[in-house]
Asker: 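This structure is in structure tokens; I'll ask about it shortly.
None of these values were measured; they are calculated from a predicted model. Reminder, nothing fancy here: chain letters follow the sequence lines and each chain counts from 1.
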Amino acid sequence: MSPVTRRSSFPKVLIERDSDSEQSSSEEELEEEEILHHEQNGFTENEKTQKLELGFDVNRKGKTPITIALKKVCKVCKKPGHEAGFKGATYIDCPMKPCFLCKTPGHTTLNCPHRVTSEHGVIPAPRRKTSKPLEYVFERQLRNDIPSMKPKNVIPDQVNCAVIRYHSRRITSLEFHPTKNNILLSGDKKGQLGVWDFEKVHEKVVYGNIHSCILNNMRFNPTNDCMVYSASSDGTISCTDLETGISSAPMNLNPDGWQGPNTWKMLYGMDINCEKGLVLVADNFGFLHLVDMRSNHRNSDAVLIHKKGSKVTGIHCNPLQPDILLTCGNDHYARIWDMRRLEAGSSLCNLAHTRVVNSAYFSPLSGNKILTTSQDNRLRIWDSIFSNMESPSREIVHSHDFNRHLTPFKAEWDPKDPSESLAVVGRYISENFNGAALHPIDFIDISTGQLVAEVMDPNITTISPVNKLHPRDDILATGSSRSLFIWKPKEKSEPVEEKDERKFVDCGKAEKKRKKKGDHSDESDDEGISKLKKFKSKAKQTEWKLSRCSTKDNC
DNA sequence: ACTAAATGAGCCC
DNA sequence: TGGGCTCCCTTTAG
């Protein structure tokens with residue numbers, strides 16, 4: 001819902017005596033701050049200042065009546081004269097702070113040079129000019145040889161079906177089934193694993209006993225697509241049978257349980273080296289661990305691959321040469337490694353960023369390009385891992401600033417794009433779309449920095465940091481808060497027939513209540529549904545076909 | 001219609 | 001190197 005009217009209740013009082021130097025400034029979120037003055041203090045009148053007479057002081061001995069000044073101050077910089085926050089569905093930045101989008105001072109998001117109406121935040125940084133021979137060869141010869149086959153991008157821009165409040169906590173990872181086109185796996189902050197058949201919509205299950213906290217990453221076993229490996233902040237790798245939900249833990253880095261935050265290991269980045277039959281996984285202390293898939297046991301010792309004590313956020317094996325490894329982490333680097341010579345400090349290449357790197361991926365087909373997402377609000381692209389890697393070929397300003405309460409944003413390649421230039425990434429800052437503040441999902445041509453498409457739906461009011469494009473079909477899967485959405489292209493959308501209409505499965509509290517009552521009629525007065533109806537009327541959308549949870553799962 | 005809490009990185013000392 | 005504080009568009013449960 002759009003944050004239209006945000007009124008605070010009667011403001012709390014901050015009392016400032018003239019002799020009192022101590023301030024209790026715990027009320028940071030106050031839009032209005034009161035300063036209590038004696039009248040003789042004589043503050044300057046402000047248009048936004050109100051005065052109140054206070055009676056209680058009159059009774060005090062020798063004290064004159066005092067007045068209260070209600071001064072509107074900016075909630076960001078605490079200074080008067082301007083206010084930051086939502087005006088309707090548009091967020092007004094604090095002008096005293098650097099631009100929220102590109103992080104440079106002197107302007108706000110509204111007039112940021114990286115923000116154009118049609119190309120929000122995605123103007124490419126100028127391509128660096130080098131006179132390096134390799135670069136020259138690349139530009140003059142190789143680049144021309146690369147077929148500029150850029151078929152028109154097919155953008156899945158319309159929500160086809162959804163499971164609302166499917167998970168009990170926010171979604172942290174998504175993975176399409178490698179062979180079954182209609183199966184989507186989802187992991188959440190609680191460690192639960194969801195398996196959803198989005199063609200049948202109702203067919204879904206959530207396994208709740210695989211991990212005890214954040215499920216950060218999933219990979220299918222390349223030799224048995226019924227088994228899936230998952231890496232979790234509980235410090236374990238699990239291997240789960242999707243049919244039964246039975247899982248084993250080939251690795252547990254916290255065998256002695258909780259001994260405090262200094263020793264608790266969490267697993268983030270994970271990938272599989274098919275040739276070697278290895279699961280590669282990295283922890284929050286900078287170490288890489290290996291699990292042999294055949295024996296399902298840990299393999300050799302851990303190797304320090306990022307700054308000691310810092311989190312490794314991602315691992316990706318090169319699609320053509322799985323021995324070439326790309327990692328990224330909280331030490332502000334993405335690093336390239338050779339598995340055959342893996343020891344601390346032996347990285348082939350270190351790609352510097354100014355802030356934490358959320359993800360780093362080789363391009364999906366040739367493995368020749370690299371795309372990284374960093375918390376400095378920039379996507380970085382290296383066009384060829386065989387050319388000069390000192391600085392990225394392109395930097396694209398894009399709002400995906402990290403908020404600690406969100407799953408980190410990761411720009412993902414389109415695995416179907418033969419030109420390896422299309423990427424999808426959720427956007428953090430909202431845009432005013434017909435009166436609703438929505439956070440679109442951006443499709444970006446990373447070879448130019450152009451925003452190809454921004455997709456949104458008035459029903460998705462939460463931020464969508466987790467996105468995955470289908471390996472074969474024109475489908476986008478989105479994890480937004482606790483809900484999952486499947487997008488398909490508008491032009492390919494089925495005609496409006498009853499059975500083909502978009503589908504919503506609501507697994508929320510209201511739905512549970514309704515199921516308890518044994519009421520399965522579509523006419524029932526349902527909190528979740530009436531909420532949806534509100535959305536609908538607001539968005540002037542066509543009627544959504546609401547399908548119901550009929551399974552006995554624990555969603 | 002509220003609010004507290006969950007929670008992580010950066011920065012300063 | 002580490003504790004303590006701060007933080008601009010969150011989300012939800014209660």
Side-chain angles (χ1 to χ4, degrees), chain A residues 1-10 12 25-31 73-79 82-103 105 108-110 112 115 120-121 164-165 167-172 188-190 213-214 216 233 260-262 264 266 268 284 307-311 313 329-332 353-358 374-377 399-409 426-433 436-440 460-466 479-483 508-510 512 527-528 531:
Chain A
M1 207 98 35
S2 70
V4 200
T5 47
R6 296 170 134 204
R7 289 300 328 142
S8 57
S9 54
F10 191 81
K12 293 162 196 171
S25 56
S26 59
E27 308 298 333
E28 288 169 3
E29 298 300 317
L30 279 188
E31 277 182 17
V73 296
C74 171
K75 68 173 180 181
V76 175
C77 70
K78 313 284 185 292
K79 292 197 178 77
H82 65 274
E83 280 176 88
F86 276 104
K87 285 266 186 299
T90 306
Y91 191 92
I92 308 298
D93 274 3
C94 168
M96 310 301 281
K97 293 276 180 170
C99 171
F100 194 57
L101 174 57
C102 74
K103 307 298 177 196
T108 64
T109 313
L110 278 177
C112 175
R115 178 198 181 165
H120 182 105
I164 306 299
R165 301 180 199 90
H167 284 266
S168 53
R169 289 289 182 271
R170 63 164 207 254
I171 285 156
T172 51
D188 72 19
K189 198 167 96 61
K190 236 180 159 182
C213 59
I214 315 179
N216 290 305
S233 290
N262 295 333
W264 184 258
M266 304 190 245
Y268 287 86
N284 57 329
K307 187 181 169 190
K308 200 170 184 183
S310 76
K311 184 198 290 179
T313 52
N330 277 19
D331 62 355
H332 301 187
H353 295 67
T354 63
R355 294 251 256 129
V356 164
V357 190
N358 293 343
S374 170
Q375 287 185 29
D376 62 3
N377 265 2
S399 172
H400 49 255
D401 202 359
F402 194 84
N403 174 313
R404 66 181 163 210
H405 309 293
L406 295 176
T407 305
F409 290 86
R427 194 193 299 172
Y428 180 38
I429 51 176
S430 64
E431 197 80 43
N432 185 341
F433 292 101
L438 301 176
H439 308 265
I460 311 177
T461 55
T462 46
I463 293 171
S464 307
V466 193
S480 190
S481 187
R482 295 167 49 192
S483 306
K509 233 193 309 181
K512 271 187 192 163
E527 184 195 315
K531 259 187 190 168

Asker: Where does the angle between the aromatic ring planes of A:Y91 and A:F86 fall among parallel (under 30°), tilted (30 to 60°) and perpendicular (over 60°)?
Answerer: perpendicular
Asker: Quick one: is A:H332 getting a side-chain N or O under 4.0 Å of the B:dG10 phosphate, OP1 or OP2?
Answerer: yes
Asker: Atom NZ of A:K189 and atom C1' of C:dT11: how far apart are they, to the nearest Å?
Answerer: 11 Å
Asker: Using heavy atoms to find the nearest nucleotide of DNA chain B for A:R170 and A:V356 separately, return the residue whose nucleotide is more 5′.
Answerer: A:R170
Asker: Between B:dG8, C:dC9, C:dT12, which nucleotide has the shortest distance from any of its atoms to the side chain of A:T462?
Answerer: C:dT12
Asker: Which value, in whole Å, describes the distance between the P atoms of nucleotides C:dG14 and B:dT7?
Answerer: 15 Å
Asker: Just the rounded figure in Å: distance from P of B:dA9 to NE2 of A:H400.
Answerer: 15 Å
Asker: Regarding A:N216 and A:S233, do their side chains bring together a donor and an acceptor under 3.5 Å, going by distance alone?
Answerer: yes
Asker: What is the separation between atom NE2 on A:H405 and atom P on B:dA5, rounded to the nearest whole Å?
Answerer: 12 Å
Asker: Between C:dC8, C:dA13, C:dT11, which one does the side chain of A:R169 approach most closely?
Answerer: C:dA13
Asker: In Å, rounded to the nearest 0.5 Å, how long is the span from OG1 of A:T462 to CG of A:L438?
Answerer: 10.0 Å
Asker: Under the side chain to side chain donor-acceptor pair (under 3.5 Å) criterion, do A:N432 and A:T90 qualify, and how do the steps go?
Answerer: CA-CA 5 Å; A:N432 185 341; A:T90 306; 2.9 Å; yes
Asker: How many whole angstroms separate atom CD of A:Q375 from atom P of C:dC8?
Answerer: 15 Å
Asker: Rounded to the nearest Å, what distance is computed from the NE2 atom of residue A:H167 to the P atom of nucleotide C:dT11?
Answerer: 17 Å
Asker: Evaluate A:L110 against A:I92 for side-chain contact (heavy atoms from CB on, under 4.5 Å), listing each step before the verdict.
Answerer: CA-CA 8 Å; A:L110 278 177; A:I92 308 298; 4.1 Å; yes
Asker: What is the distance from NZ of A:K190 to P of B:dA6, rounded to the nearest Å?
Answerer: 14 Å
Asker: Measure from the side chain of A:K97, starting at C-beta and using heavy atoms only, and say which of B:dG8, C:dC8, B:dA6 lies closest.
Answerer: C:dC8
Asker: Rounded to the Å, how far apart are A:D401 CG and C:dT10 C1'?
Answerer: 13 Å
Asker: For A:R355 and B:dG10, is the shortest distance between a side-chain N/O and OP1 or OP2 below 4.0 Å?
Answerer: yes
Asker: Please confirm whether the shortest side-chain N or O distance from A:K75 to OP1 or OP2 of C:dC9 is below 4.0 Å.
Answerer: no
Asker: With respect to the side chain of A:V76, which nucleotide from C:dC8, B:dA6, C:dT10 is positioned closest?
Answerer: C:dC8
Asker: Quick one: which of B:dA9, C:dA13, C:dC9 gets closest to the side chain of A:R482?
Answerer: C:dA13
Asker: For A:V356, does its backbone N or O pair with a side-chain atom of A:S374 as donor and acceptor, under 3.5 Å?
Answerer: yes
Asker: Describe the nucleic acid contact of A:P98 in one word from base, sugar-phosphate, nothing, applying a heavy-atom distance below 4.0 Å.
Answerer: base
Asker: Nearest of C:dC9, C:dC7, C:dT10 to any side-chain atom of A:R404?
Answerer: C:dC7
Asker: CG of A:L438 versus C1' of C:dT10: gap in Å, rounded?
Answerer: 15 Å
Asker: Do the side-chain N or O atoms of A:N330 get closer than 4.0 angstrom to the phosphate oxygens (OP1, OP2) of B:dA9?
Answerer: yes
Asker: Ignoring backbone atoms, test whether A:S399 places a side-chain nitrogen or oxygen under 4.0 Å from the OP1 or OP2 oxygen of C:dC9.
Answerer: no
Asker: Please compare A:N262 and A:D93 by the position of their nearest nucleotide in DNA chain C and report the one closer to 5'.
Answerer: A:N262
